[in-house]
Amino acid sequence: MADQKDNINEKKKVLDLLDDSKPKKPSRRERQREEASKLVAPEVKTLDTKKAEALDIFDEEGKKKTSVIKKGSGSAKLPSISKLNEPKADLDFVKTESAKSAKSGASEAVQTVEDADNGVKVIHLKPPIIVSELAEAMDLKPFQLMADLIKLQVFVAPHQAIEPDVAETLCAQHGFKFEREKREKGAGVHKVEEVFVEPEPEENVPEDKLELRAPIITFMGHVDHGKTSILDFIRKSRIASGEAGGITQHIGAYGVKDDQGRPITLLDTPGHAIFSQMRARGADITDIVVLVVAADDGIMPQTKEAIDHAKAAKKTIIVAVNKCDVAGADPTRVRTQLMEHGLTPVDFGGDVECVDVSAKTGDGMGDLLELLALQAEVLELNANPSANARASVIEARIQAGKGPTATVIVQSGTLKAGMPFICGPFNGKIKSMFDDHGKVIKTAGPATPVEVLGFAELPNVGDELVEMDTERAAKKLSGERQGEKRNTRLGGAQKSRLTDFMSRAKGGTQKARLQLILKTDVQGSVGAITGAIGEIESGKVETRFVHAASGSITESDILLASSANATVIGFNTKVESKAVTAAKREGVEIKLYSIVYELIDTVRDAMLGLLDPETRETIIGHADVKQVFKVNKGKAAGCIVKDGKVTRTAHARVLRGRTPVFDGKMSTLRRFMDEVKEVKTGIECGIKLGAFNDYEEGDVIQCYLLDKFAQEL
Ligand SMILES: Nc1nc2c(ncn2[C@@H]2O[C@H](COP(=O)(O)OP(=O)(O)OP(=O)(O)O)[C@@H](O)[C@H]2O)c(=O)[nH]1
């Protein structure tokens, strides 16, 4: 009775956790009905508390259905209960007791429990998986596992970690089932441990909390068309006039005001590099792109690229037609050319604002700033200054006497000195902040560029700095992120060894390699593109540039590609006619791009294309060998299915103790004299596996399926 009561209380707790907004107390019957309807409701629940909690939810049999993480403030999403409990709503899935207790002595990361389904020992793995700990969980000596690892071409010391896939292989070899996730000790519904998560960005902020913020502007355009000159002019005229000592440039962004005092934030890092770098990292902070076109030169290749970037990023474009003071300047021609590139100026009946300016004389600069401020109003650029502070890193450097510093632009909330934060995988605490004039400030609201001191390590451009509640939370999250990064790296290295081994076993080459020849418009793009491709992380496929240079694609490039089995990539460059003929003749693939991230995406796809699908094993049952008898050709095993089922089409291995003595396909599965497709638990059958004849009484036949999955890089 008491148990039952506990059960009901536990269920209630879970449902309460899933619903923060408690309505007025309904009757017991209404409550039950409501609870049941919640269980089938398709929506995702949103929780809102500062500290996160994790819950394990178990089904009737004590199997963990899911871990529910109750996230920090913001809109943490939980899986719908209906998903946990399909096909019918049932309140009894929550158990108050943990189904199984973990084997004592095993490390926290590696636990062994009896699997409820088939009696096979299950080793629960939580990376990093240390060889000695895994051996201990299997009741083996580390050197025994080391021998297996060497056979897999994985060379590690007992105290070192191995990749989960390798551990999986070892477990299978020793007759264990593996599960990557750690099953937590203790009750079925319980607080497992404090889990700190980064607060998520606010959604649907009430209007009264929103305040207009400055637009964040990026300048783009062809080389020498005057981006830097415009930025310099604005900075000097706007900052120097208003603020003493403000001429010196301190950080890569600064705030100015138009003639009516409306704030504007200018990113002082002109060009595509920062734009694409930040976009690639999801730090898409630019609101408006100012496309600078020299009136005496018109639209040039990089202007076109800038247009493509801005359009792809769905940014508002404002065109500054610069150098209007120069003899031969033809702003009308620029407008006509813009139309040819899909941008129709307002004075031609379109919606693209164009302003004629001169960075030399300053003409039109006031108009440009006014337009930017106006556009911000049109775009309704609002932010909640009291939200969780989030900011994007736009530049980072080590400064003598200051250590790692970064310029960030606040996206939402207000950065405050002394605040703990997480930025990429590193935690920190804002020691001090400086504004764009180098003055110490205590707070920085939305769209403010600010230099931050207090990073443990140098962050990357595009990293997001997010305020955390406590230093402890920031440290813990940082530890987790660094651990994940380490595991990914380690996993990559180990995996590649395993892949090498497997590919050698398949008679293939070692690590898959994508050979490339890159030709670009300008030399500067060569480094940028090879760098970006080099950053595509993969433990299985590597890219190699056979040749990378600026210039058009020539016949000799094609011949080189043909001999090196490479793909030719052109970035903003042309293909010479002899090269076209040679490519057809040699069967060489040429791919041309004008947008960097499209190029990168295609390379990533090509890398994936080199990978064979991954094969994973699912154990479906075990049969005990009770007697061995002679058949026409060789021997067969008389068995009784101990758990799960054995099927005619499955793969099977014979385990003697924990050692597999045969692995192959099932060739015969019989009930008495009849061939059957499958035999379930508790039923006798005769099994013959391929050409294997050495069955012994007491052997276990483990039946498994092999499924293919597309690999990840
Ligand atoms: N006469 C005149 N010259 C200008 C104007 N704007 C820029 N210039 C000159 O044009 C040249 C290039 O200007 P930058 O500002 O360096 O051009 P940019 O687009 O920043 O060039 P990159 O940074 O190399 O891409 C410099 O010599 C400037 O002095 C202008 O409005 N009028």
Side-chain angles (χ1 to χ4, degrees), residues 216-240 247-249 251-254 256 264-279 286 288-310 315 317-335 337-338 341 343 345 353-372 394-395 407 461 520-529 531 550 571-573 594-596:
I216 300 166
I217 317 291
T218 296
F219 283 72
M220 287 174 145
H222 192 68
V223 62
D224 277 353
H225 278 200
K227 300 174 289 289
T228 313
S229 302
I230 294 178
L231 280 160
D232 278 353
F233 184 91
I234 297 173
R235 186 174 58 243
K236 282 176 190 153
S237 59
R238 297 282 151 168
I239 303 176
I247 301 173
T248 326
Q249 186 179 345
I251 55 178
Y254 54 87
V256 292
I264 298 159
T265 302
L266 304 175
L267 275 184
D268 194 2
T269 44
H272 313 142
I274 179 96
F275 190 75
S276 5
Q277 205 176 347
M278 295 199 57
R279 249 171 69 71
T286 300
I288 300 168
V289 168
V290 173
L291 183 71
V292 179
V293 189
D296 58 342
D297 207 14
I299 290 191
M300 298 302 281
Q302 276 180 285
T303 323
K304 165 90 179 70
E305 187 181 318
I307 294 172
D308 290 341
H309 274 273
K315 299 296 171 194
I317 301 174
I318 288 180
V319 182
V321 184
N322 191 32
K323 302 199 185 183
C324 285
D325 60 292
V326 175
D330 190 350
T332 309
R333 188 175 134 250
V334 173
R335 283 169 172 72
Q337 289 179 330
L338 285 169
H341 289 89
L343 298 176
E353 296 285 357
C354 295
V355 206
D356 294 342
V357 297
S358 164
K360 192 174 176 190
T361 64
D363 280 350
M365 288 300 180
D367 295 341
L368 176 62
L369 291 182
E370 195 186 334
L371 247 179
L372 293 173
I394 60 159
E395 61 181 15
T407 302
V461 170
T520 66
D521 51 349
V522 289
Q523 191 56 33
S525 315
V526 174
I529 293 171
S550 62
F571 180 71
N572 273 342
T573 192
S594 59
I595 300 175
V596 176

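Throughout, residue positions are numbered sequentially from 1 according to the sequence presented. We use all heavy atoms of the structure for the numbers below, so side chains are in, but hydrogens, waters and symmetry mates are not. In listed order, ligands and their atoms are each counted from 1.
- Inclusion of Gly226 in the set of residues having an N or O under 3.5 Å from an N or O of ligand 1 is warranted.
- The side chain to side chain donor-acceptor pair (under 3.5 Å) search around Thr265 returns none, not counting sequence neighbours.
- Every side chain to side chain contact (heavy atoms under 4.5 Å, CB included) that Asp356 has, sequence neighbours left out, goes to Val321, Cys324, Pro331, Arg335.
- Interface of Lys360 with ligand 1, defined as ligand atoms under 4.0 Å from a residue heavy atom, comprises 1 (N), 2 (C), 30 (C), 31 (O), 32 (N).
- Of the candidates Asn322, Leu231, Asp325, it is Asn322 that places a heavy atom closest to atom 6 (N) of ligand 1.
- Of all atoms in ligand 1, listed by their number and element, those nearer than 4.0 Å to a heavy atom of Val326 are 1 (N), 2 (C).
- Side chain of Lys315 to main chain of Val290: no donor-acceptor pair is present (N/O by atom type, distance under 3.5 Å, no hydrogens or angles).
- For the pair Ala359 and ligand 1, the shortest N or O to N or O distance falls below 3.5 Å.
- Between Ser525 and Thr520, the side chains place no donor N or O within less than 3.5 Å of an acceptor N or O (distance only, hydrogens not considered).
- Counting heavy atoms under 4.0 Å from ligand 1, residue His225 touches it through the backbone alone.
- Between Asn322 and His225 the shortest side-chain heavy-atom distance does not fall below 4.5 Å.
- Ligand-side atoms of ligand 1 in range of His222: 19 (O), range being under 4.0 angstrom from any heavy atom.
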